Amino acid sequence: MSEETAASTAETPKTEAKVAAPIATIATLGQHEGESVTLRGWLYNLRESGKLLFPIFRDGTGTVQGVAHVKSVPAEVFEVLKGLTQESSVIVTGKVRADKRAPGGFELDVEGIQVIQRVPESDPYPISLKDHGVEFLMEHRHLWVRSPRQSAILRVRAEIMRAAAEYFDNNGFIRTDPPILTPAACEGTSTLFPVDYFGEPAFLTQSGQLYIESTALALGKVYSFGPTFRAEKSKTRRHLTEFWMVEPEVAFCDLDGLMELAENYISYIVQSVLKNRAPELAVIGRDVAKLENIVPPFPRLRYDEAAKMLQQAHADGHLENSFEYGNDFGSPDETWLTQQFDKPVMVHRYPAAVKAFYMEPDPADPTFALCLDVLAPEGYGEVIGGSQRVASYDLLKSRIEAHGLPLESFQWYLDLRRYGSVPHAGFGMGIERLVAWVCGLDHVRETIPFARTLHRIYP
RNA sequence: UCCUGAGUAGCUCAAUGGCAGAGCAUUCGGCUGUUAACCGAAGGGUUGUAGGUUCGAGUCCUACCUCAGGAGCCA
């Protein structure tokens, strides 16, 4: 912003707006029917019909169509409005009028307008109301977020994050955020972003789990909520290199307790979005009937049962590749599995061999791990991964060694088993995948203000 | 990293190996109820880059670059 522009913004109260009209937002215009109000925002679009102008304004809360006839507004107002360019910033005053022709129910009969910054014709706003390609939109993400659909998605994201924290805050969890700069990997170093820490090698966190196991043994029930980083060379609609994860960790909790928490948690968040962001879901075009169904309990499948379903599906020709018992599920496997249910599916007790070193073996059969994946419906894939954690010092130590991890880096983690170890469990939930599912998007890049994907770090 | 596909006007896309075009955007003109308004006109091009085949290449071949979708791995 230039100094000149900043100055004119600061002077706003002295000029046109002073005469009129209380400041209102478009979302709450209905409370001002018949009154004159002041809106501060941008010109979203302008339709001209000779002596009649239809400017559409947006202010971040919604859009409203203004009406300005050459005979009904001052000549200078008509002149300013006529030919005004898309996304010019304005302060507009006008009288709110109910009109059944208006999509939002109300129109604004324009009385006055002040242009804060006029977008020049020589360099028009690049994002038109017509179609654009993914590459162009991502290059202009800093402007794309202004579009009604993108704004609606970000509002849903905010609601999901709010509800995600609220559930834990209301249920006795203490938020304890782990460090983002970490000295070592949780699960190997190949997917970590390295940074230079005053000459020492360090990494951006890929999970706060190990740290919140510590705070869980201090505080009982804890959660963390923050960004995580994975340097995986994944190029799919479900992957970001920087994403937000919320992770609860609960002392004296077993796998059954964890599954109960997971289904209650997801249901609470989805129902909060339905309750508080229905207009946004309508803008996005989401079929809310599929979301209204998201209430506990969720179907639970042992890995064994899921594996049988996949093998049968392959035999019946629904899946191209055969599923080999003992492996983790592939992406097409997961997609098919979730399409068999209209709620998230909780798959538990995977073979220990394909899972992380810190997962507690099932006492009934130690070749299986007490772990849990929650797979979202409609093919959205894994939104939660979690487990009961190894509680035994000796077992954890041998697991670390068996995975070839440096014992000295994990001494503090082993301390949690030396001093008052208890059964405990937790999971991580990826915010962006949840937003993608709740909004019905086909790619997670639209679920975060500025997506970091493989080979894209601009803007 | 591997597989597949795509790069043509500011944007979205056409163009049998034979004159590089349309819609939107921009400029000019018209229109008193438009809903991505509409109607008329104008300007706008090193067809991703570098080579090659050919009388002739946006089109065919080779390499590279960029982007997209997918696999593996994961949330």
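Excluded from the calculations below are hydrogen atoms, water molecules and symmetry mates; all remaining heavy atoms, backbone and side chain alike, are included. No experiment lies behind these values; they were computed from the predicted model shown. Chain identifiers are assigned alphabetically (A, B, ...) following the order of the sequence lines, protein sequences preceding nucleic acid strands; residue numbering begins at 1 within each chain.
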(message) Once ring pair (Phe, Tyr, Trp, His ring centres under 6.0 Å) is applied, do any residues pair with A:F168, and if so which ones, sequence neighbours excluded?
(response) A:F173, A:Y223, A:Y265
(message) One character per nucleotide, please: for nucleotides 67-73 of chain B, 5' to 3', B when the base has a protein heavy atom closer than 4.0 Å, S when only the sugar-phosphate does, - otherwise.
(response) SBBBBBB
(request) State which residues pass ring pair (Phe, Tyr, Trp, His ring centres under 6.0 Å) with A:H32; sequence neighbours excluded, sorted by chain then number. (result) none
(request) Grab the stems for RNA chain B, please: at least three consecutive Watson-Crick or wobble pairs, both distances below 3.5 Å, written as range with range. (result) B:1-7 with B:65-71, B:10-13 with B:21-24, B:26-30 with B:38-42, B:48-52 with B:60-64
(request) Kindly write out the residues that satisfy salt bridge (charged side-chain N to carboxylate O under 4.0 Å, His left out) with A:E382, not counting sequence neighbours, or none if the list is empty. (result) none
(request) Only counting residues at least two apart or in another chain, list the ones meeting ring pair (Phe, Tyr, Trp, His ring centres under 6.0 Å) with A:Y325. (result) A:Y303
(request) Sugar-phosphate means primed atoms, P, OP1 and OP2; the rest is base. With that split, encode nucleotides 38-47 of chain B 5' to 3' as B, S or - using protein heavy atoms under 4.0 Å. (result) ----------
(request) Sort and list the pairs that fulfil side-chain hydrogen bond (donor to acceptor under 3.5 Å, both in side chains) and have at least one residue in residues 343-354 of chain A, not counting sequence neighbours. (result) A:R349-A:D362, A:Y350-A:D373
(request) Name all pairs fulfilling the side-chain hydrogen bond (donor to acceptor under 3.5 Å, both in side chains) condition that reach into residues 149-160 of chain A, sequence neighbours left out, sorted by first residue then second. (result) A:R141-A:Q150, A:Q150-A:E446, A:R157-A:E432, A:E159-A:R162, A:E159-A:N276
Without placing hydrogens or testing angles, list every side-chain donor-acceptor pair under 3.5 Å for residues 45-55 of chain A, not counting sequence neighbours.
residue	atom	partner	partner atom	Å
A:R47	NH2	A:Q65	OE1	3.0
A:E48	OE2	A:G83	N	2.9

(request) Keeping to residues at least two apart or across chains, list the ring-ring contact (aromatic ring centres under 6.0 Å, His included) pairs with something in residues 122-142 of chain A. (result) A:H132-A:F136, A:F136-A:H140
(message) Could you work out, with ring pair (Phe, Tyr, Trp, His ring centres under 6.0 Å) as the rule, every residue matching A:H443, not counting sequence neighbours?
(response) none
